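For reference, the structure is listed below as structure tokens.
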Amino acid sequence: MQVSLVRSLQILGLTACAFFATCQTPPPPAHTTPNANSTATPTATVNNKRKNPVTDPTGANRSSWSLLDGRRTRLADYKGKVVVLDFWATYCPPCVAEASHLAALQRRFQKQGLNVVGLNVGGADDQPKIPDFVQQTKVQYEIGFPDGSLVESLMGTDDTIPQTFVFDREGKLVKGFVGYSPEIGLDIERTIETTVGPGK
């Protein structure tokens with residue numbers, strides 16, 4: 001009886017989290033990648049009222065990530081493109097909602113040079129769930145795993161996810177976003193639209 005009540009409260013909490021995009025329930029333990037050289041461990045879900053405390057925006061240009069196929073890449077490899085780096089995990093309902101929106105933006109602005117990269121920070125236990133996540137959200141953008149230095153440069157000590165960063169064609173940070181909601185989604189869309197500029 002007590003177990004059922006606890007389980008019911010957990011389900012209710014997850015439902016509220018998915019609806020309001022403001023849950024703070026602790027998810028499973030997470031870490032970045034096997035290559036990570038940082039103690040940063042993004043584990044929280046969303047808080048869409050906080051500003052993004054980017055600690056070292058230029059550090060992002062010195063850091064790398066691994067794509068699902070094992071290739072190593074960094075912002076410099078996308079010079080001339082507008083890049084969106086999105087830090088997410090499969091257990092984060094707002095991340096799922098945002099991924100579908102980012103996929104639509106990738107399709108809309110791809111010809112204008114937009115590249116969305118989803119960087120999973122859910123840890124080793126989350127990585128096997130990525131194929132189902134991709135199928136569910138229908139994402140067609142690149143998925144990878146950030147080095148700890150990249151997480152530290154952009155997210156600092158704020159382990160809230162999702163966190164999303166828009167970089168211009170020169171690799172300069174335009175704007176960072178913490179959390180996801182319809183309002184934040186519109187702000188991300190406007191930022192991308194302004195950064196890519198008129199269609200070519």
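FYI, the numbering just counts along the sequence from 1. Predicted model, so just to flag it, every value in this text is computed and none were measured. What's counted below: heavy atoms across the whole structure, side chains too, no hydrogens, waters or symmetry copies.
How far CD of Q110 is from CG of N115: 7.5 Å, rounded to the nearest 0.5 Å. How far NZ of K81 is from CG of D168: 14.5 Å, rounded to the nearest 0.5 Å. Distance check: L154 CG to L85 CG gives 6.5 Å after rounding to the nearest 0.5 Å. Atom CD1 of residue I188 and atom CD of residue E193 lie 13.5 Å apart, to the nearest 0.5 angstrom.
Considering F145, F165, W65 in turn, F165 is the only one that fulfils the ring pair (Phe, Tyr, Trp, His ring centres under 6.0 Å) rule with F87.
Considering only heavy atoms from C-beta on, R169 stays 4.5 Å or farther from K79 through its side chain.
Residue L186 is not grouped with residue F109 when hydrophobic side chains (ILVMFWY) are merged at heavy-atom distances under 4.5 angstrom, including chains of intermediate members.
With N61 contributing its side chain and G171 its backbone, the two residues share a donor-acceptor pair below 3.5 Å. The main-chain N or O of G197 is found under 3.5 Å from a side-chain atom of Q112 such that the two form a donor-acceptor pair.
Among all heavy-atom pairs drawn from L119 and P146, the shortest one is CB-CD, 3.8 Å. Here the shortest heavy-atom pairing between Q127 and N120 reads CG-OD1, 4.4 Å. Closest heavy-atom contact between L114 and Q106: O-NE2, 2.9 Å. Heavy atoms only, all atoms of each residue included: A89 and C95 are closest at O-CB, 3.6 Å. Taking all atoms of both residues into account, the shortest heavy-atom contact from S64 to R72 is CB-NH2, 3.3 Å. Closest non-hydrogen pair, K129 versus D125, comes out as CE-O, 3.8 Å.
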Using the rule given for side chain to side chain contact (heavy atoms under 4.5 Å, CB included), can you reason through I184 versus T164, listing the C-alpha separation, both sets of side-chain angles and the distance that settles it, and then say yes or no?
CA-CA 10 Å; I184 291 173; T164 309; over 6 Å; no
V116 vs L105, side chain to side chain contact (heavy atoms under 4.5 Å, CB included): CA-CA, chis, key distance, verdict
CA-CA 9 Å; V116 176; L105 293 174; 5.6 Å; no
If you apply the rule side chain to side chain contact (heavy atoms under 4.5 Å, CB included), what do you find for I192 with R108, and how did you get there?
CA-CA 11 Å; I192 290 172; R108 178 178 167 191; over 6 Å; no
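For the side chain to side chain contact (heavy atoms under 4.5 Å, CB included) test, residues two or more places apart in sequence or in another chain that qualify with A97 are Y180. T191 pairs by the side chain to side chain contact (heavy atoms under 4.5 Å, CB included) definition with V166, V174, K175, F177, D187, T195, not counting sequence neighbours.
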Run the side-chain donor-acceptor check on residues 133-144: report pairs under 3.5 Å with partners two or more places apart or on a different chain.
from	atom 1	to	atom 2	distance (Å)
T137	OG1	F133	O	2.8
E142	OE1	Y78	OH	2.5

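Ion pairing between a basic and an acidic side chain is recognised when a charged N comes within 4.0 Å of a carboxylate O; D147 and R74 show no such pairing.
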